[in-house]
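Heads up, the thing below is written out as structure tokens.
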Amino acid sequence: LLGQAFNMIGVIMAKPVSALIGKKKTFMYAMFAASVLSVLFYYCTKENVVFVYILQAVISFCAGIIFPMLWSMYADTADYSEWKTGRRATGLVFSASSMSQKLGWTLGGSLTLWLLGFFGFQANVEQSPETINGIKYMLSYIPAIGALISGLFMLMYKLDEKTLKTIEIELDQRRKAEA
């Protein structure tokens with residue numbers, strides 16, 4: 001419940017934060033923050049319940065802030081494609097993104113089960129220290145690596161606010177000339 005509440009707050013804050021610092025930086029900083037915060041999960045013990053809740057809330061906020069950014073950046077990519085090629089490919093961009101998300105969800109669910117098996121998890125029994133350590137990795141370092149990679153990919157993303165404004169103006173001029 002706490003995570004979902006902070007996730008929704010992140011969604012609400014996406015627009016004002018991205019208006020302030022840009023979509024690229026908003027996405028990148030949220031991913032880097034989620035990466036660092038996820039690592040901290042590894043060092044939590046059962047005595048750190050309040051800290052676990054705080055981490056969950058802030059990481060959920062970071063996740064919430066990137067969801068609208070991602071969809072907005074897909075639209076920006078479609079505009080960029082039209083700007084470069086002269087052909088609108090919105091359907092292709094969004095269908096490819098939808099397919100990749102579904103593939104990611106499938107692989108993510110499978111990876112979870114593979115890792116649980118690898119770490120020796122067995123249902124309805126007390127887990128070994130190695131298994132507990134593996135589960136802690138699954139809650140901390142492994143998602144941190146994914147968030148870090150996602151943030152690093154944003155370093156290569158060329159569509160900053162200045163470029164997007166140029167694209168918007170030029171596409172608007174082309175569309176008016178064609179009409």
Side-chain angles (χ1 to χ4, degrees), residues 1-18 20-74 76-77 96-160:
L1 179 65
L2 182 69
Q4 287 303 315
F6 274 83
N7 191 277
M8 288 186 270
I9 294 168
V11 169
I12 292 166
M13 292 304 298
K15 186 167 177 75
V17 172
S18 66
L20 187 65
I21 66 172
K23 294 177 192 177
K24 177 181 176 175
K25 287 181 180 176
T26 300
F27 189 100
M28 191 169 55
Y29 293 158
M31 288 290 90
F32 290 152
S35 183
V36 170
L37 295 167
S38 292
V39 167
L40 295 178
F41 258 120
Y42 184 81
Y43 301 98
C44 292
T45 63
K46 52 187 164 188
E47 291 80 29
N48 304 120
V49 175
V50 172
F51 188 57
V52 168
Y53 278 107
I54 291 169
L55 284 174
Q56 176 62 33
V58 180
I59 292 169
S60 293
F61 175 85
C62 292
I65 210 167
I66 64 117
F67 293 142
M69 290 295 93
L70 191 59
W71 287 99
S72 176
M73 292 164 88
Y74 291 153
D76 295 341
T77 302
S97 65
S98 178
M99 185 198 75
S100 67
Q101 284 180 330
K102 290 173 184 174
L103 178 64
W105 294 332
T106 301
L107 292 176
S110 298
L111 180 63
T112 300
L113 295 175
W114 293 329
L115 286 171
L116 284 172
F118 177 77
F119 291 127
F121 177 82
Q122 293 186 16
N124 303 319
V125 298
E126 188 172 334
Q127 303 304 316
S128 70
E130 294 81 16
T131 300
I132 291 172
N133 193 47
I135 292 169
K136 287 176 72 173
Y137 271 110
M138 291 173 65
L139 294 170
S140 59
Y141 281 100
I142 294 171
I145 290 168
L148 180 62
I149 290 169
S150 182
L152 290 173
F153 269 116
M154 291 310 297
L155 293 172
M156 296 182 284
Y157 185 75
K158 297 177 182 178
L159 300 181
D160 60 15

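Since this is a predicted model, take the numbers as computed values, not measurements.
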Please tabulate, one pair per line, all N/O donor-acceptor pairs under 3.5 Å involving side-chain atoms of residues 148-160, not counting sequence neighbours.
unit_1 : atom_1 : unit_2 : atom_2 : d
Asp160 : OD1    : Lys162 : N      : 3.4
Asp160 : OD1    : Thr163 : N      : 2.8
Asp160 : OD1    : Thr163 : OG1    : 2.7

- Task: Supply the atom-to-atom distance Cys44 SG to Leu55 CG, rounded to the nearest 0.5 angstrom.
- Result: 5.0 Å
- Message: Go through it in stages, so that I can follow the logic: the residues are Ile65 and Val11, the test is side chain to side chain contact (heavy atoms under 4.5 Å, CB included), and I'd like the CA-CA distance, side-chain angles, deciding distance and then a yes or no.
- Response: CA-CA 5 Å; Ile65 210 167; Val11 169; over 6 Å; no
- Item | Closest approach of Ser140 to Phe41 (non-hydrogen atoms, all atoms of both residues) | CB-CB, 3.9 Å
- Of all heavy-atom pairs between Tyr43 and Asn48, which one has the smallest distance, and what is that distance? O-OD1, 4.2 Å
- Message: Nearest 0.5 angstrom please: Met8 CE to Phe6 CZ, how far?
- Response: 11.0 Å
- Message: Under a 3.5 Å distance rule, please check whether Ser72 uses its side chain to pair with a backbone N or O of Pro68 as donor and acceptor.
- Response: no
- Item | Residue pairs passing the salt bridge (charged side-chain N to carboxylate O under 4.0 Å, His left out) test where at least one lies in residues 22-42, sequence neighbours excluded | Lys23-Asp76
- Query: Any chance NZ of Lys136 has more than 12 other-residue heavy atoms, nucleotides or ligands included, within less than 6.0 Å?
  - Reply: yes
- Message: Nearest 0.5 Å, please: how far is CE in Met13 from OG in Ser18?
- Response: 10.0 Å
- List in chain and number order the residues that pass side-chain hydrogen bond (donor to acceptor under 3.5 Å, both in side chains) with Ser60, two or more places apart in sequence or in another chain; answer none if no residue qualifies. Gln56
- Query: In Å, rounded to the nearest 0.5 Å, how long is the span from CG of Leu2 to CD1 of Ile54?
  - Reply: 9.5 Å
- Task: Kindly determine whether Phe119 and Ser128 satisfy side chain to side chain contact (heavy atoms under 4.5 Å, CB included), including the steps that lead there.
- Result: CA-CA 9 Å; Phe119 291 127; Ser128 70; over 6 Å; no
- Message: Can a side-chain donor-acceptor contact be found between Tyr42 and Asn133 if the only test is distance below 3.5 angstrom?
- Response: yes
- Item | Side-chain donor/acceptor of Gln127 to backbone N/O of Val125, under 3.5 Å | yes
- Would you call Leu40 and Phe51 a side-chain contact if the rule is heavy atoms closer than 4.5 Å? yes
- Message: Could you check whether atom CD of Gln101 has more than 12 heavy atoms from other residues, nucleotides or ligands sitting under 6.0 Å from it?
- Response: yes
- Thr112 OG1 to Ile135 CD1 distance, which is reported to the nearest 0.5 Å: 11.5 Å
- Sub-3.5 Å donor-acceptor pair from the side chain of Ser35 to the main-chain atoms of Ala144, do we have one? yes
- Could you go through the side chain to side chain contact (heavy atoms under 4.5 Å, CB included) check for Tyr29 and Val17 one step at a time? CA-CA 11 Å; Tyr29 293 158; Val17 172; over 6 Å; no
- Gap separating the CE atom of Met99 from the CG atom of Leu103, nearest 0.5 angstrom: 6.5 Å
- Note on the structure: For Met69 and Ala14, the nearest pair of non-hydrogen atoms, with its separation, is CE-O, 3.8 Å
- Task: Compare every heavy atom of Ile66 with every heavy atom of Met31, then report the nearest pair and how far apart it is.
- Result: CE-CG2, 3.9 Å
- Message: Would you call the rings of Tyr137 and Tyr141 parallel, tilted or perpendicular, taking 30° and 60° as the class edges?
- Response: tilted
